[in-house]
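Here is the naming used below: chain letters follow the sequence lines, and residue numbers restart at 1 for every chain. Heavy atoms only: backbone and side chains are in, while hydrogens, waters and symmetry mates are out.
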There are 2 protein chains.
Amino acid sequence: MKVLSKSSEYGLRALLYLVGNSSGQEYVSIRELSEQLDISFHFLTKILQSLTHAEILISYRGPNGGIAFKIPPEKIMLSDVVRVLEGDDFFNTCLLGLPGCGAQAPCPMHQFWKEIRGALKQEFENTSLASMGHTALLSSLRLGP
Amino acid sequence: MKVLSKSSEYGLRALLYLVGNSSGQEYVSIRELSEQLDISFHFLTKILQSLTHAEILISYRGPNGGIAFKIPPEKIMLSDVVRVLEGDDFFNTCLLGLPGCGAQAPCPMHQFWKEIRGALKQEFENTSLASMGHTALLSSLRLGP
DNA sequence: CGGTTTTAGGAGTATTTTGTCTTAAATTAA
DNA sequence: TTAATTTAAGACAAAATACTCCTAAAACCG
């Protein structure tokens, strides 16, 4: 079950690394992130760029530059991140992919799926980056040993 | 949020159509399914083939041939279909896509995600095709008006 | 100022997923 | 037996996703 695109996976891993490995307001370079997490530097740059545009991160160029949280990670919910990286209707899709599906023309799975995705939405909206990342060891965010 | 591949979407739509539009043991042709549901005939053929291999459907060639349920749809759970079309570890993936993630080396989201996907698994395992399809009008399974 | 470090942005490439086409095999009916 | 109908199977093509590379712009340091 793949609910997130690679962009979201990488973005979340980077943010969780930030939570665990930056003490407050100093910038962490994207190069460090990409190397520690084994993610393509250029690809990660673009992902973090959109989080910067969305005002979840701030970036700074030049030596000792990088990215940092603009908002404290206690106030950033998983749903915020996912909505930026996956699109605004992330929690509003039809299980069967039918474009017309909705309250007034429901597919056979509509009610079933609506309840599940509603619960899932709530979980994502009630869970902060900080609560997921505060104990995150680097090793748990990497691929191999 | 796209949890299912196109193959699963199409496969489920075809099965739900079968539930609503076939009276028991007669074969429904894939041509009819593909035309009624606006799904590519050859693509759908391959999807239904794998459901036939998995013994959810039976197929018959020649005039008046087609596919039919091998098991009554009351006994086919959504999870059965999805496991065939998405793979056996569908309900066992890491949210962050980390290959090593598991009980003994959990990623920061492991516990969080394990609970959500466990609930989702239960819903899929407790819901039959029949219960979703018994009132399915054709129009609710099609794309446009 | 000139060189170095770092993010920004866009064009281009590779890989995966999705969809098409062609031929074969099974079944029926005339 | 011949023709028609239907699923089976595999090669091929298009589209979407994931990734790479190059150049620019900002910030710093000597």
**Q.** For atom CG of B:Leu33 and atom P of D:dT7, their distance in whole Å
**A.** 9 Å
(Q) Please tell me if B:Ser29 has a side-chain N or O lying less than 4.0 Å from either OP1 or OP2 of D:dT5. (A) no
Q. How about A:Lys2: does its NZ atom have over 12 heavy atoms from other parts shown lying under 6.0 Å from it?
A. yes
Q.
Measure CZ/B:Phe43 against P/D:dA11 and give the value in whole Å, please.
A. 17 Å
(Q) How many whole angstroms separate atom CZ of B:Phe41 from atom C1' of C:dT18? (A) 17 Å
Q: On DNA chain D, check which nucleotide each of A:His42 and A:Pro63 is closest to and give me the residue with the more 5' one.
A: A:His42
Q. Does the side chain of A:Tyr60 get closer than 4.0 angstrom to OP1 or OP2 of C:dT5 through an N or O atom?
A. no
**Q.** Euclidean distance, atom NZ of residue B:Lys46 to atom P of D:dC12 [Å, nearest integer]
**A.** 13 Å
(Q) On the nucleotide D:dA8, are OP1 or OP2 found under 4.0 Å from the side-chain N or O atoms that B:Thr45 carries? (A) no
Q: Could you check how far NZ of A:Lys2 sits from P of D:dT17, rounded to whole Å?
A: 11 Å
**Q.** For B:Phe69, ring pair (Phe, Tyr, Trp, His ring centres under 6.0 Å) partners two or more places apart
**A.** none
**Q.** Presence of B:Ser5 side-chain N/O under 4.0 Å of C:dT17 phosphate oxygens OP1/OP2
**A.** no
Q: Using whole Å, report how far CG of B:Leu44 lies from P of D:dA9.
A: 15 Å
(Q) By the 4.0 Å heavy-atom rule, please label B:Ser7 as base, sugar-phosphate, or nothing. (A) nothing
Q) C:dA26 C1' sits how many Å from B:Ile67 CD1, rounded? A) 17 Å
Q.
Just the rounded figure in Å: distance from P of C:dT17 to CG of B:Leu4.
A. 14 Å
Q) Can you check whether B:His53 has a side-chain N or O nearer than 4.0 Å to OP1 or OP2 of D:dT7? A) no
Q. Would you call the rings of A:Tyr27 and A:Tyr60 parallel, tilted or perpendicular if under 30° counts as parallel and over 60° as perpendicular?
A. parallel
Q. Just to confirm, is there a sub-4.0 Å distance from OP1 or OP2 of D:dT7 to any side-chain nitrogen or oxygen of B:Gln49?
A. no
Q. Quick one: ring pair (Phe, Tyr, Trp, His ring centres under 6.0 Å) partners of A:Phe41, sequence neighbours excluded?
A. none
Q) Within the structure, does a side-chain N or O atom of A:Tyr27 lie under 4.0 Å from either OP1 or OP2 of C:dT7? A) no
(Q) Test your reading of the model: is there a side-chain donor-acceptor pair from B:Ser131 to the backbone of B:Thr127, 3.5 Å cut-off? (A) no
